[in-house]
Amino acid sequence: MKDQLLSLFEQAIAQLKTDKVVPVEHEVNVQFERTRQKDHGDFATNVAMTLAKPARRNPRELAELIVAALPQDSLITKVDIAGPGFINLFLAQDARYSVLSTVFAQGDVYGLGEPNSKQKIMVEFVSANPTGPLHVGHGRGAAYGDALARILTAAGNTVEREYYVNDAGRQMDILAVSVWIRYLQANDVAIELPDNCYKGDYVVGMGQQLQQQHGATYLVPSEQLEQACAGLELEEALDAIISLAKNQLGTEGFDVFFALALNSILDDIRQDLSEFGVDYDTWFSERSLFDSGKIQRAIEKLKASGDVYDKDGALWFKTTDYGDEKDRVVVRDNGQPTYFASDIAYHMDKLERGFDLAINVWGSDHHGYIPRVKASLQALGLDSDKLKVLLVQFAVLYRGGEKVGMSTRSGEFVTLRELRDEVGSDAARFFYAQRKSEQHMDFDLDLAKSQSNDNPMYYVQYAHARICRIFDTAAEREIDTSDIANANFAELDSDHESTLLTLLQRFPEIVQTAANNYEPHQITYYLRDLATAFHSYYNTVKFLEAETAQRNAMLALSHACRQVLKNGLGIIGVGAPNSM
RNA sequence: GUGCCCGUAGCUCAACUGGAUAGAGCAACGGCCUUCUAAGCCGUAGGUUACAGGUUCGAGUCCUGUCGGGCGCGCCA
């Protein structure tokens, strides 16, 4: 549609160039937009305004010249010049009806791009540390990342979803020790769980499970623990307990706790996300980067390129050469690589896997981290533009007007599962997907739970279910709907009908812009608009009681609406029920 | 202190990425069920887009400053 209009305007402007109204060398970029108001026609363009200066004419005068030079075409019935120099285009009715045939012909793929016709894209999202269940804060990243992946797929890209598992580092040792202490408690050892351990109930359960499996095999007297921590500050005491556990239990013994904690939490996360409608292609282990030597390889490459230097016994990466605020440590003075070292290797590996684009969906608290990751890719000779980091603002949770804490260690948080149980996965997804990712967001748990019916998702689904009901009733009344695709669409001449036709026509454009801008919320707003237009239409007339020709045309339009509602809901990962 | 993000109706958010008279949903008020689902429809009310300048045909959107909020600024992950 837009392409046709574009070619008409390009012809007109070429004409103006030969007439020397517009400087020949001036590059002209014609842009069309859907109008907001009906009396502005279907499309509008501002070319006359953008060309006014180079052509040294006032915009309205220029608009008249453009319109005069516009070739005749059956697509357009009327052209207006309005306001400061907008050119408004009114489409012919036939052009509006064509969308119905298209929807009938394409069905479930209407609005979607040619599959696998574009880029190969990886979307990495959630990637929460496997130290506890996902909380509602992760829910936003999950809903956003998955909707984004679906939208990019819908737009014609080939998409892989990846979860980066941070299964290395001190946090995991703390988790293992937390489980161990709960295990000791289950064995009636008199010991308190330190404040800086993981305090969630799930840790208690894991301790009890290991107590049942292994009995007293891994006991250490509480006096030894007290002795190890004596006189130490909180974090240092915790490190002392970790060393003690590793020494006393040995690598294998410690790994019993470590492995159980990691595996059961990861299983829980995987299942949780799957029930949320989010399934990954790959779960990428941070530890595998050590085992495969990729971290070592990345460091060697940086050494070879001269981007690292020694200072204070540690190995530093000169990220300031690439615009970072300060240089960063890659290998600590104790020989241990930092988390940053893992991330360098991880992102190197990611780009080497051959994606045209790698998208990271990160919580906004990681924004300071972007320059150094980009720096590392550049230093490694990779194209850092292929990495796109999208930030998702954390939702601030409220319960009873009070802010709710979200710390995993303290154990005070609302889990994603809890939210799903209360409001349902679909409603939760829709709620999250409604918000632009960088927008700060207040999440009132009481509201989300108690008034789940106010979720706009139900409004959209209801439109879908209503249409299904119409067809069910038609079948009960033995009304033949098998040939509605060939109805006389010219019957559809009311305002409601033309609004709906325009909306249906816009759907493919919405999918593309949502994909180009990484904005799933555009789909939700579009669906709400479509549902509103349909509900309104529904209330004006009884479809099944109209005379045959009109009835079939209205049913055709309804069918197309149902199809697009279904396709759109699918794109954000929400179901389209046939009845409610 | 400094860097990034944000500030739009009473509340939660949009605004086609610089376009025409800033729009929805909750909440409030008034109407509409004997008919294909009232989880719906129709209407009323609600705004100096935090504030002050600037850029241009045109600014909620871009630039500068001020105020207010969130986050970051580790040899943590």
Side-chain angles (χ1 to χ4, degrees), chain A residues 31-37 39-40 44 46 48-50 52-53 58-60 82-86 88 129 131 166 168-172 174 235 286 311-316 325-326 328-334 336-340 342-343 363-371 391 393-394 396 431 434-436 438-444 447 451 453-459 461-463 465-474 476-477 479 506 509-510 513-514 516-517 519 521-522 524-526 528-529 531-532 534-545 555 558 579-580:
Chain A
Q31 293 197 352
F32 296 95
E33 60 177 14
R34 295 278 181 177
T35 55
R36 238 171 246 178
Q37 285 167 256
D39 51 322
H40 292 155
N46 61 352
M49 277 125 79
T50 57
K53 195 170 260 185
N58 86 55
R60 288 196 66 113
F86 288 103
N88 292 335
N129 290 339
T131 52
N166 294 123
R170 181 169 178 261
Q171 53 172 354
M172 291 305 294
I174 296 174
E235 293 298 323
E286 181 186 356
K311 194 182 97 183
D312 303 332
L315 188 68
W316 294 70
E325 294 170 344
K326 49 175 288 192
R328 312 289 174 176
V329 171
V330 176
V331 181
R332 285 183 268 257
D333 56 8
N334 64 8
Q336 287 294 309
T338 57
Y339 176 76
F340 181 39
S342 305
D343 245 2
S364 59
D365 55 336
H366 284 70
H367 67 79
Y369 205 74
I370 300 171
L391 298 175
Q393 292 288 339
F394 270 110
V396 183
F431 185 84
Q434 252 183 304
R435 267 67 176 182
K436 207 169 166 173
E438 69 265 31
Q439 181 65 252
H440 294 277
M441 163 178 175
D442 288 343
F443 197 124
D444 187 328
L447 203 70
Q451 306 191 338
N453 273 8
D454 287 338
N455 189 310
M457 178 197 70
Y458 293 97
Y459 182 83
Q461 289 185 330
Y462 185 49
R466 256 187 164 171
I467 299 170
C468 291
R469 182 54 164 265
I470 294 166
F471 282 90
D472 289 347
T473 307
E476 284 164 20
R477 297 187 192 173
I479 293 170
R506 283 190 61 185
E509 296 167 22
I510 297 284
T513 43
N516 291 340
N517 298 310
E519 292 181 342
H521 77 277
Q522 290 203 19
T524 65
Y525 278 88
Y526 168 80
R528 164 163 268 287
D529 285 347
T532 299
F534 184 80
H535 283 309
S536 182
Y537 179 42
Y538 178 91
N539 274 270
T540 59
V541 57
K542 296 285 174 204
F543 303 146
L544 296 179
E545 287 163 21
L555 287 176
S558 301
S579 68
M580 289 172 67

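Predicted model, so just to flag it, every value in this text is computed and none were measured. Sequence lines set the chain letters: A, B, ... in the order given, protein chains first and strands last, and positions in each chain run from 1.
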Is [X] touching bases, backbone alone, or none of the nucleic acid, heavy atoms closer than 4.0 Å?
| X | result |
| --- | --- |
| A:Arg328 | nothing |
| A:Ala52 | nothing |
| A:Tyr459 | sugar-phosphate |
| A:Ala168 | sugar-phosphate |
| A:Ala44 | base |
| A:Gln461 | nothing |
| A:Glu476 | nothing |
| A:Ser579 | base |
| A:Asn58 | nothing |

Starting the side chain at C-beta, find the nucleotide from [options] nearest to [X].
| X | options | value |
| --- | --- | --- |
| A:Pro84 | B:rC73, B:rC75, B:rC57 | B:rC57 |
| A:Phe543 | B:rC57, B:rC36, B:rA77 | B:rC36 |
| A:Gln393 | B:rC5, B:rC75, B:rA20 | B:rC5 |
| A:Arg34 | B:rU17, B:rC36, B:rC16 | B:rC16 |
| A:Ser536 | B:rC41, B:rA20, B:rU17 | B:rC41 |
| A:Tyr458 | B:rA39, B:rG19, B:rC36 | B:rA39 |
| A:Met580 | B:rA39, B:rA38, B:rA77 | B:rA39 |
| A:Arg466 | B:rC75, B:rC57, B:rA38 | B:rA38 |
| A:Asn46 | B:rC75, B:rG19, B:rC36 | B:rG19 |
| A:Asn539 | B:rC41, B:rC5, B:rC16 | B:rC41 |

Strictly by Watson-Crick or wobble contacts shorter than 3.5 Å, is anything paired with [N], and which nucleotide is it?
| N | answer |
| --- | --- |
| B:rA20 | none |
| B:rU2 | B:rG72 |
| B:rU48 | none |
| B:rA14 | none |
| B:rU35 | none |
| B:rG7 | B:rC67 |
| B:rA59 | none |
| B:rC29 | B:rG43 |

Distance check needed: [N] [atom2] versus [X] [atom1], whole Å only.
| X | N | atom1 | atom2 | answer |
| --- | --- | --- | --- | --- |
| A:Arg506 | B:rA15 | CZ | P | 12 Å |
| A:Ile470 | B:rC36 | CD1 | C1' | 6 Å |
| A:Ile174 | B:rC76 | CD1 | P | 12 Å |
| A:His521 | B:rA14 | NE2 | P | 6 Å |
| A:Gln522 | B:rC13 | CD | C1' | 14 Å |
| A:Asn517 | B:rG18 | CG | P | 10 Å |

Note, [X] side chain near [Y] side chain (heavy atom, < 4.5 Å):
| X | Y | value |
| --- | --- | --- |
| A:Gln434 | A:Arg528 | no |
| A:Ile470 | A:Tyr538 | yes |
| A:Leu544 | A:Leu555 | yes |
| A:Pro371 | A:Glu325 | no |
| A:Ile510 | A:Tyr525 | no |
| A:Thr513 | A:Glu519 | no |

Nearest-nucleotide comparison on RNA chain B, the residue closer to the 5′ end among A:Lys311 and A:Phe471 = A:Phe471
request  = Report the residue (A:His367 or A:Glu286) whose heavy-atom-nearest nucleotide on RNA chain B is the more 5′ of the two.
outcome  = A:His367
key: Per-pair stack call A:His40 and B:rA20, 5.5 Å, 30°   = yes
key: Verify stack between A:Tyr525 ring and B:rA24 base, 5.5 Å, 30 degrees   = no
[atom1] atoms of [N] and [M], separation to the nearest Å:
| N | M | atom1 | value |
| --- | --- | --- | --- |
| B:rA15 | B:rG19 | P | 12 Å |
| B:rA50 | B:rC42 | C1' | 36 Å |
| B:rA24 | B:rC41 | P | 13 Å |
| B:rU64 | B:rC26 | C1' | 38 Å |
| B:rG68 | B:rA52 | C1' | 15 Å |
| B:rC51 | B:rG60 | C1' | 14 Å |
| B:rA45 | B:rC6 | P | 34 Å |
| B:rU8 | B:rC71 | C1' | 22 Å |

key: Any side-chain donor near an acceptor of the partner, A:Thr532 and A:Tyr459, under 3.5 Å   = yes
A:Ser342-A:Glu286 side chain donor-acceptor pair, cut-off 3.5 Å = yes
Is it the case that [N] (base atoms only) and [X] (side chain only) share a donor and an acceptor within less than 3.5 Å, ignoring hydrogens and angles?
| X | N | answer |
| --- | --- | --- |
| A:His535 | B:rC41 | no |
| A:His366 | B:rG72 | no |
| A:Asn88 | B:rA20 | yes |
| A:Asp365 | B:rG72 | no |

request  = Could you walk me through whether A:Phe471 and A:Phe543 pass ring pair (Phe, Tyr, Trp, His ring centres under 6.0 Å), step by step?
outcome  = CA-CA 10 Å; A:Phe471 282 90; A:Phe543 303 146; 9.2 Å; no
inquiry  = Quick check on B:rC67: syn or anti? Syn means the glycosidic torsion is within 90 degrees of zero.
reply    = anti
note = Given the 90°-from-0 boundary between syn and anti, B:rU17 should be labelled syn
query = Do you know which of A:Val331, A:Val330, A:Val329 makes side-chain contact (heavy atoms from CB on, under 4.5 Å) with A:Phe340?
reply = A:Val330
Check: protein-nucleotides 54-56 of chain B nitrogen or oxygen pairs below 3.5 Å:
none

